[in-house]
*Asks:* 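After the structure tokens below, expect a handful of questions from me.
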Amino acid sequence: MNTNTRKQPGRPPAGADQTVRRQLLEAARGLFAKQGYDAVSIREVAEAAQVNPAMIHYYFGSKQGLYEAMLTDTFTPLIERLSSVLAAADDPSALRNFFNLYMHTLGANPWMPPLILREVVAEGGRLRGWFIQQFATKGGGMLTRLIEREQTAGRIRADADPSLTALSMVSLAVFPFVAMPVTREVFGMRVKTDYLDRLIAHTERVFLQGVSP
């Protein structure tokens, strides 16, 4: 027997890496969002993904590594695209681009708001410090600089506080998704494309008219 071709214990077959990793991330999103980090075991995630529990250690190192990868895979592209928006000098559509990018990301990942609310925003949130360091500080800083740039260009009133204006932008974009159990019942909130497009256009209009010179 040729020992050079023997598979490593717990290692997936060649070509299956991305499929198994994706299955684990999809299973984790649903379980973590519904039950919370502490209530979900590695075995539960593996069973939902229909893979061996050893695969979580193989791909992510630990349950927390899986959790962090789940957020990183979503927020890193968002931060990179926000950087592109900021880099586009004197782009009059930059603020609209932010709302479109951010709200479409939330609409495409409905697991994200309840998970962030439970594990980051709530008192004692396990990953608050990590999330602030990795994503929130970067995104908030870029958005504040974008506001300052828009003020310099004369598209936002000069007396608006950049940090508070950035906070208002995030609040308008995020709240309908974070409060989905309520907004769905009371206001008919949906994440379908036609509804989401109308919501984004409305949010842009309310914000831009409020901060226009």
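By convention here, the first residue in the shown sequence is residue 1.
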*Asks:* Among all residues two or more places apart in sequence or in another chain, which pass the side chain to side chain contact (heavy atoms under 4.5 Å, CB included) test with A179?
*Replies:* F175, T183

*Asks:* If the condition is side chain to side chain contact (heavy atoms under 4.5 Å, CB included), which residues does V40 pass it with, not counting sequence neighbours?
*Replies:* L31, F32, Q35, E44, V45

*Asks:* Quick one: list whatever passes side chain to side chain donor-acceptor pair (under 3.5 Å) with D73, sequence neighbours left out.
*Replies:* R21

*Asks:* Verify side chain to side chain contact (heavy atoms under 4.5 Å, CB included) between Y37 and R118, making sure each step is shown before the conclusion.
*Replies:* CA-CA 9 Å; Y37 181 90; R118 177 186 286 115; over 6 Å; no

*Asks:* Using modelled atom types and a 3.5 Å cut-off, is there a donor and acceptor pairing between side-chain atoms of Q23 and backbone atoms of A49?
*Replies:* yes

*Asks:* CG of L25 to CG of L66: how many Å apart, nearest 0.5 Å?
*Replies:* 6.0 Å

*Asks:* Just to verify, what does A153 make a side chain to side chain contact (heavy atoms under 4.5 Å, CB included) with, not counting sequence neighbours?
*Replies:*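 Testing A153 for side chain to side chain contact (heavy atoms under 4.5 Å, CB included), a comparison that skips the adjacent residues, returns D90, R155.
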
*Asks:* Any side-chain heavy-atom pair from Y58 and N52 closer than 4.5 angstrom?
*Replies:*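 Y58 vs N52: side chains apart.
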
*Asks:* Verify the cluster assignment for Y195 and F99: are they in a single hydrophobic cluster under the rule of side-chain heavy atoms below 4.5 Å apart?
*Replies:* yes

*Asks:* Please table the atom pairs, donor to acceptor, closer than 3.5 Å between any side-chain atom in residues 131-143 and protein atoms at least two apart or in another chain.
*Replies:*
residue : atom : partner : partner atom : Å
T137    : OG1  : I132    : O            : 2.9
K138    : NZ   : Q134    : O            : 3.4

*Asks:* Only counting residues at least two apart or in another chain, list the ones meeting salt bridge (Lys or Arg N to Asp or Glu O under 4.0 Å) with R157.
*Replies:* D159

*Asks:* Carefully, step by step, assess M169 and L95 under the rule side chain to side chain contact (heavy atoms under 4.5 Å, CB included).
*Replies:* CA-CA 9 Å; M169 286 185 71; L95 295 175; 3.8 Å; yes

*Asks:* Under the salt bridge (Lys or Arg N to Asp or Glu O under 4.0 Å) definition, can you give me all pairs with a residue in residues 25-36, not counting sequence neighbours?
*Replies:* none

*Asks:* Is there a chain of hydrophobic side chains (I, L, V, M, F, W, Y, each step under 4.5 Å between heavy atoms) that links V120 to I79?
*Replies:*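 Same cluster: V120 reaches I79 through Ile, Leu, Val, Met, Phe, Trp or Tyr contacts under 4.5 Å.
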
*Asks:* Does any part of the side chain of T105, heavy atoms only, come nearer than 4.5 Å to the side chain of M112, both counted from C-beta?
*Replies:*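 Contact flag for M112/T105 side chains = yes.
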
*Asks:* CG/L24 to OG1/T19 distance, rounded to the nearest 0.5 angstrom?
*Replies:* 11.0 Å

*Asks:* Should V178 and I116 be marked as a side chain to side chain contact (heavy atoms under 4.5 Å, CB included) after you check the CA-CA gap, both sets of side-chain angles, and the distance that decides it?
*Replies:* CA-CA 9 Å; V178 171; I116 298 299; over 6 Å; no

*Asks:* Is there a side-chain contact between P162 and Q151 (heavy atoms, below 4.5 Å)?
*Replies:*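 Heavy-atom side-chain distance check passes, below 4.5 Å.
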
*Asks:* Please answer: with hydrophobic residues joined when any side-chain heavy atoms are less than 4.5 Å apart, are V170 and V121 in the same cluster?
*Replies:*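 Yes; tracing contacts between hydrophobic side chains, which count when under 4.5 Å, links both residues.
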
*Asks:* With a 3.5 Å cut-off and sequence neighbours excluded, list the donor-acceptor pairs that the side chains of residues 198-213 form with protein atoms.
*Replies:*
residue : atom : partner : partner atom : Å
T203    : OG1  : L199    : O            : 2.8
E204    : OE2  : N100    : ND2          : 2.8
S212    : OG   : Q209    : O            : 3.2

*Asks:* To the closest 0.5 Å, what do you measure between NE2 (H57) and NZ (K63)?
*Replies:*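 Answer rounded to 0.5 Å: 11.0 Å.
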
*Asks:* Can you list every pair that meets ring-ring contact (aromatic ring centres under 6.0 Å, His included) and has a residue in residues 138-162, with sequence neighbours left out?
*Replies:* none

*Asks:* How long is the span from the CG atom in L101 to the NE2 atom in H104, to the nearest 0.5 Å?
*Replies:*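 L101 CG to H104 NE2: 9.5 Å, rounded to 0.5 Å.
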
*Asks:* Any idea which heavy atoms bring E119 and G36 closest together, and the distance?
*Replies:* OE2-CA, 3.3 Å

*Asks:* Is there a donor-acceptor pair closer than 3.5 Å between any side-chain N or O of S93 and the backbone N or O of R96?
*Replies:* no

*Asks:* Determine, step by step, whether Y67 and L115 satisfy the side chain to side chain contact (heavy atoms under 4.5 Å, CB included) criterion, reporting the C-alpha distance in whole Å, the side-chain angles of both residues, the deciding distance to 0.1 Å, and the verdict.
*Replies:* CA-CA 10 Å; Y67 193 99; L115 186 144; 2.8 Å; yes

*Asks:* Measure from the side-chain N and O atoms of R184 to the backbone N and O of R190, and report whether any donor-acceptor pair falls under 3.5 Å.
*Replies:*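 No, because the side chain of R184 does not come within donor-acceptor range (under 3.5 Å) of the backbone of R190.
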
*Asks:* Using the test side chain to side chain contact (heavy atoms under 4.5 Å, CB included), find all partners of S163 that sit at least two apart in sequence or belong to another chain.
*Replies:* T144, D161

*Asks:* Applying salt bridge (Lys or Arg N to Asp or Glu O under 4.0 Å), name anything that partners D197, two or more places apart in sequence or on another chain.
*Replies:* none

*Asks:* With a 4.5 Å cut-off on side-chain heavy atoms, are F60 and M70 touching?
*Replies:*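 A side-chain contact is absent here, since even the closest heavy-atom pair is not under 4.5 Å.
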
*Asks:* If you look at every heavy atom in L106 and P113, which pair is closest and at what distance?
*Replies:*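 Smallest heavy-atom distance, with atoms named: CD2-CG, 4.2 Å.
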
*Asks:* Where do A94 and R149 come nearest, in terms of heavy atoms and distance?
*Replies:* CB-NH2, 3.6 Å

*Asks:* With Q64, which residues qualify under side chain to side chain donor-acceptor pair (under 3.5 Å), at least two apart?
*Replies:* E68

*Asks:* For P110 and G107, work out which heavy atoms get closest and say how close.
*Replies:*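 Heavy atoms only, the tightest pair is CD-O, 3.7 Å.
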
*Asks:* Measuring only between side-chain heavy atoms, which start at C-beta, is M103 closer than 4.5 Å to F177?
*Replies:* yes

*Asks:* Tell me whether the count of non-hydrogen atoms from other residues, nucleotides or ligands lying under 6.0 Å of CZ in R81 goes above 12.
*Replies:*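 No - once you tally the heavy atoms of other residues, nucleotides and ligands closer than 6.0 Å, there are 12 at most.
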
*Asks:* Taking all atoms of both residues into account, what is the closest heavy-atom pair of R43 and P53, and its distance?
*Replies:* NH1-CG, 4.1 Å

*Asks:* Identify the heavy atoms of A46 and I56 that sit nearest to each other, and give their distance.
*Replies:*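 For A46 versus I56, the nearest heavy atoms are N-CD1, 4.2 Å.
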
